[in-house]
Amino acid sequence: MSDVSSSPSSSPSPSDKRDSKDFIREIIDADLASGKHSAPVTRFPPEPNGYLHIGHAKSICLNFGIAKEYGSRCHLRFDDTNPSKEEQEYVDSIQADIRWLGFDWGDHLFFASDYFDQIYAWAVTLIRDGKAYVDDQTPEDIRSNRGNLTEPGVNSPFRDRSVEENLALFEAMRAGNFPDGSKVLRAKIDMAHANLNMRDPVLYRILRAHHHRSGDKWCIYPMYDFTHGQSDALEHITHSLCTLEFENHRPLYEWFLDNLPVPSHPRQIEFARLNLNYTVMSKRKLLQLVDENHVSGWDDPRMPTVSGMRRRGYPAEAIRNFCATIGITKFNGTNDFALLENAVREVMNRDAQRRMAVLDPIKVTITNYPEDQVEELDVINNPEDPNAGTRKVPFCRELYIERDDFMEDPPKKFFRLGPGREVRFRCAYWLKCEDFVKDAEGKVTELLCTYDPETRGGENPPDGRKVKGTVHWVSARHAVPAEVRVYDRLFDHANPDSKKRNFLDHINPASLEILSGCQLEPALADAKVGDSIQFERLGYFCVDPDSTSDARVFNRTVGLRDSWAKEQQRG
RNA sequence: AGCCUCAUGGUGUAACGGUAGCACGACAGAUUCUGAUUCUGUUUGUUAAGGUUCGAAUCCUUAUGAGGCUGCCA
């Protein structure tokens, strides 16, 4: 049923929001105006050690968004300098996620590991210039000699080795003559520097690990700091955009660019990473949720990962709009999850076709409707889209409606069914509840109603009667069964990520509710995986990949706003 | 404690020395064959104290608060 998905173009369109310019785009404008650059070149540099999350999406929208706006380019570069954590699976998922978000790096796919020869040569350059040395200290010694926040460090006893000795030692490190961790190459900067990153940072470590690309060619690997800026320079990146925690690294970033014969001099600019309430964003914690089976995988619809949100049914355009809305600043704040949900509802309201589905069914029998009659009624597909048209929905003597839409003893402001009350069945008829049936436990099992033939299509009757409510329904004879997974926030604490608590203690036990006896209108029988639909009056749903042709599974993407539920909660 | 960074309603974000605006939320109402959508209205803010200026959210000083940094992670 491809007509139900009406999935919009997944690439950024003029409808994507963008208001005033953030401070980074202002810097770019100034650099263009001054002639420093003719076009900005950016890069998105993930480490392939996990799946992308909504925080990465913010960075992707920034970097690729800039390239798109300025008609320039954004490189995808994998920062793969630590083979002990990195895997091809992540390389693949990251590329798929970026594409799904609507961005493209063209021919500009790079790997830091492709620069290992050059990085190594530059390490030799530093040694030759007397600006790097091989240190034999143990990791413990290095740590204790680094000093701390208030006290300066002390020089390594190996700091003053000759250039020749350092050259020979470094070459031997590369040749595999020393065990893992026994030596490192360090920059010779200043052990008393107020910025700890400048206290003779480690450039290379010995690490015998199979690299997902370079295989076993190397047994020494460069550190992030000694790789990132030079990679930027090699690619002629003009503006290297990263998150706030790298602020303290900028002096080191600059130091390498200043002390090496690099082909260009990029500028690092830091912005605040994305924080969302009720979720955790660190890769380590997300990995833990997956590894310890608190969720079904990286793409569990409750995960803040790009793949989780995709499976949940969040449109890429909504994620882009969200990222545009929250903006780019240096203020490290926390965004309201409601803002993301608003962005999701906004595009889904516009695009998703409407269907009727009853999640918690109660049977309705229309006592005055002919036993054998079936009518095909016209139902509107999307009131927001005149081109979406209508469809036929079967109507007969036995229907299902939502259990919530009936109350035995309803209050005045309840606009739905109750004994003696009349409501509109959407696009069908007006029905009046004449009686109801209970089972032995006192649970209502069936409503006995009468219909007014003069209200066909849901129209107002000629006698001028009014009705306050409209309910959705499905024909019991034609309904198709389905499982519906209703998701709520994964954590029940607004800030589960805080150091003050263990985030696992705040997993919301009600984050997933599986409803098995749901009844759908027949048009939903052939909805395809990934299709997004609004179930009228309930919310937006999508077909989960777990679906089979005889066992349909839907995910609730997000509920509709529900002012009735809100009023009830208030009492 | 040292260094770096930040500070505008409940949340996020504008204002670039000249009327503090927008979005989300909340609240109230209108419309409605989805208690949805849409529309209208209301509410709440420049961390503090000094200074410069005709005029300061914006510039300066100090204070306060918040975040980051002591991996051979990125």
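Convention: sequence-line order gives letters A, B, ...; per-chain numbering from 1. Just so we're clear, the structure is a prediction, and the values are computed from it rather than from any experiment.
Between A/Tyr253 and A/Phe226, the ring centre distance reaches or exceeds 6.0 Å. Aromatic pair A/Phe322/A/Tyr314: ring centres not closer than 6.0 Å.
Using a 4.0 Å heavy-atom criterion, one finds that A/Pro45 contacts no nucleic acid atom at all. Counting non-hydrogen atoms under 4.0 angstrom, A/Phe414 reaches a base of the nucleic acid. Within the 4.0 angstrom heavy-atom criterion, only backbone atoms of the sugar-phosphate kind lie near A/Thr334; the bases stay farther away. Among the protein residues, A/Val184 comes within range of the nucleic acid bases, having at least one heavy atom under 4.0 Å from a base atom. If you check every strand for non-hydrogen atoms under 4.0 Å, A/Glu459 touches a base. Nucleic acid contact for A/Glu341: none, since no nucleic acid atom lies under 4.0 Å from a heavy atom of the residue. In this structure, A/Gly333 reaches the sugar-phosphate backbone alone: every heavy-atom distance under 4.0 Å involves primed, P, OP1 or OP2 atoms, never a base. A/Lys499 comes within 4.0 angstrom of the backbone, heavy atoms only, and of no base. Note on A/Ser84: nothing from the nucleic acid sits closer than 4.0 angstrom, heavy atoms only. At the heavy-atom level, A/Glu536 lies under 4.0 Å from base atoms of the strands shown.
For B/rC73, there is no paired nucleotide, since no Watson-Crick or G-U wobble pair has both relevant distances below 3.5 Å. Judged by Watson-Crick or G-U wobble contacts below 3.5 Å, the nucleotide B/rG65 has B/rC6 as its partner. Using N1 to N3 plus N6-O4 or O6-N4 for Watson-Crick, or N1-O2 and O6-N3 for G-U wobble, each under 3.5 Å, B/rA15 pairs with nothing. Both distances falling under 3.5 Å, in either a Watson-Crick or a G-U wobble arrangement, occur for no nucleotide opposite B/rU58. B/rU34: no Watson-Crick or G-U partner with both key distances under 3.5 Å is found in any strand.
The base of B/rA74 is paired with the side chain of A/His249 by a donor and an acceptor separated by under 3.5 Å. Side-chain atoms of A/Arg561 stay outside donor-acceptor range of the base of B/rG35, with no qualifying N/O pair under 3.5 Å.
Taking atom CD1 of residue A/Ile380 and atom P of nucleotide B/rA36, one finds them 17 Å apart after rounding to whole Å. One interatomic measurement links the two molecules: CG of A/Asp497 to P of B/rG68, which rounds to 11 Å at whole-angstrom precision. Rounding to whole angstrom units, CZ of residue A/Phe246 and C1' of B/rG71 are separated by 13 Å. Between A/Leu560 atom CG and B/rU32 atom C1' the separation is 14 Å, expressed in whole Å. Here the P atom of nucleotide B/rC73 and the CG atom of A/Leu252 are 15 Å apart, to the nearest Å. Taking atom CG on A/Asn342 and atom C1' on B/rU13, their separation rounds to 15 Å, with Å as the unit. Regarding A/Asn382, its CG atom lies at a distance of 10 Å from the C1' atom of B/rU37, rounded to whole Å. In this structure, A/Leu286 places its CG atom 15 Å from C1' of B/rA74, rounding to the nearest Å.
Between A/Phe246 and A/His249, the ring-plane angle classifies as perpendicular under the 30° and 60° cut-offs. Ring geometry for A/Trp218 against A/Tyr120 counts as tilted: the plane angle lies between 30° and 60°, on a 0 to 90° scale.
In summary, the side chains of A/Ser240 and A/Arg43 do present a donor paired with an acceptor at a separation below 3.5 Å, with no hydrogens or angles considered. For the 3.5 Å distance criterion, the side chains of A/Glu422 and A/Tyr451 fail to qualify, holding no donor opposite an acceptor. Side chains of A/Tyr278 and A/Asn495: a donor-acceptor N/O pair is absent below 3.5 angstrom, by distance only. Counting only N and O atoms by type, the side chains of A/His472 and A/Arg355 include no donor and acceptor under 3.5 Å apart. Between the side chains of A/Thr243 and A/Arg273, not a single donor N or O lies within less than 3.5 Å of an accepting N or O.
The side-chain contact (heavy atoms from CB on, under 4.5 Å) test with A/Val484 is passed by exactly one of A/Leu359, A/Asp360, A/Leu538: A/Leu359. If you run side chain to side chain donor-acceptor pair (under 3.5 Å) between A/Thr470 and each of A/Arg426, A/Arg416, A/Arg424, only A/Arg424 comes through.
B/rU61 and B/rC69 have their P atoms separated by 27 Å, with the value rounded to a whole Å. Comparing B/rC16 with B/rA56, their C1' atoms sit 13 Å apart, to the nearest whole Å. Comparing B/rG12 with B/rG25, their C1' atoms are spaced 11 Å from each other, to the whole Å. Taking atom C1' on both B/rG55 and B/rG17, the two are 8 Å apart, rounded to the nearest angstrom. One C1' atom belongs to B/rA30, the other to B/rG9, and the distance between them is 27 Å to the nearest Å. Nucleotides B/rG45 and B/rG29 are separated by 26 Å at their C1' atoms, to the nearest Å. The same atom, P, is picked in B/rU62 and in B/rU70; the two are 28 Å apart, to the nearest Å. For B/rA20 and B/rU46, the P atoms lie 13 Å apart once the distance is rounded to whole Å.
Applying the 5.5 angstrom centroid cut-off and the 30 degree plane-angle cut-off, the aromatic ring of A/Trp564 is stacked upon the base of B/rG35.
Side chain of A/Ala338, nearest nucleotide from B/rG35, B/rC73, B/rG25: B/rG25. Nearest to the side-chain atoms of A/Lys566 among the listed nucleotides B/rG35, B/rC73, B/rA26 stands B/rA26. Of the candidates B/rG12, B/rC69, B/rA74, B/rG12 carries the atom nearest the A/Ile326 side chain, counting heavy atoms from C-beta on. Listed candidates were B/rA36, B/rC73, B/rC72. Nearest to the side chain of A/Asn82 is B/rC73.
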Using nucleotides 3-9 of chain B, report all nitrogen or oxygen pairs with the protein that are shorter than 3.5 Å.
from: B/rU5; atom 1: O2'; to: A/Glu247; atom 2: OE2; distance (Å): 3.4

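The side chain of A/Thr329 contributes no N or O atom lying less than 4.0 Å from OP1 or OP2 of B/rG12.
Heavy-atom contacts from other residues, nucleotides or ligands closer than 6.0 Å to NZ of A/Lys432 number 12 or fewer.
Anti is the conformation of B/rG50, whose glycosidic angle sits further than 90° from 0.
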Problem set entry | Audit row: A/Thr279, A/Arg489, side-chain hydrogen bond (donor to acceptor under 3.5 Å, both in side chains) steps and yes/no | CA-CA 8 Å; A/Thr279 113; A/Arg489 48 178 61 129; over 6 Å; no

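In terms of modelled atom types and a separation under 3.5 Å, the side chain of A/Ser214 and the main chain of A/His211 share no donor-acceptor contact.
Heavy-atom distances to RNA chain B give each of A/Asp180 and A/Leu339 a nearest nucleotide, and the one nearer the 5′ end belongs to A/Leu339. Judged by closest nucleotide on RNA chain B, A/Lys413 is the one of A/Lys413 and A/Tyr204 placed further toward the 5' end.
Within residues 133-149 of chain A, the residues approached by RNA chain B to less than 4.0 Å at the level of any non-hydrogen atom are A/Gln137, A/Thr138, A/Pro139, A/Ile142, A/Arg143, A/Arg146, A/Gly147, A/Asn148, A/Leu149, in residue-number order.
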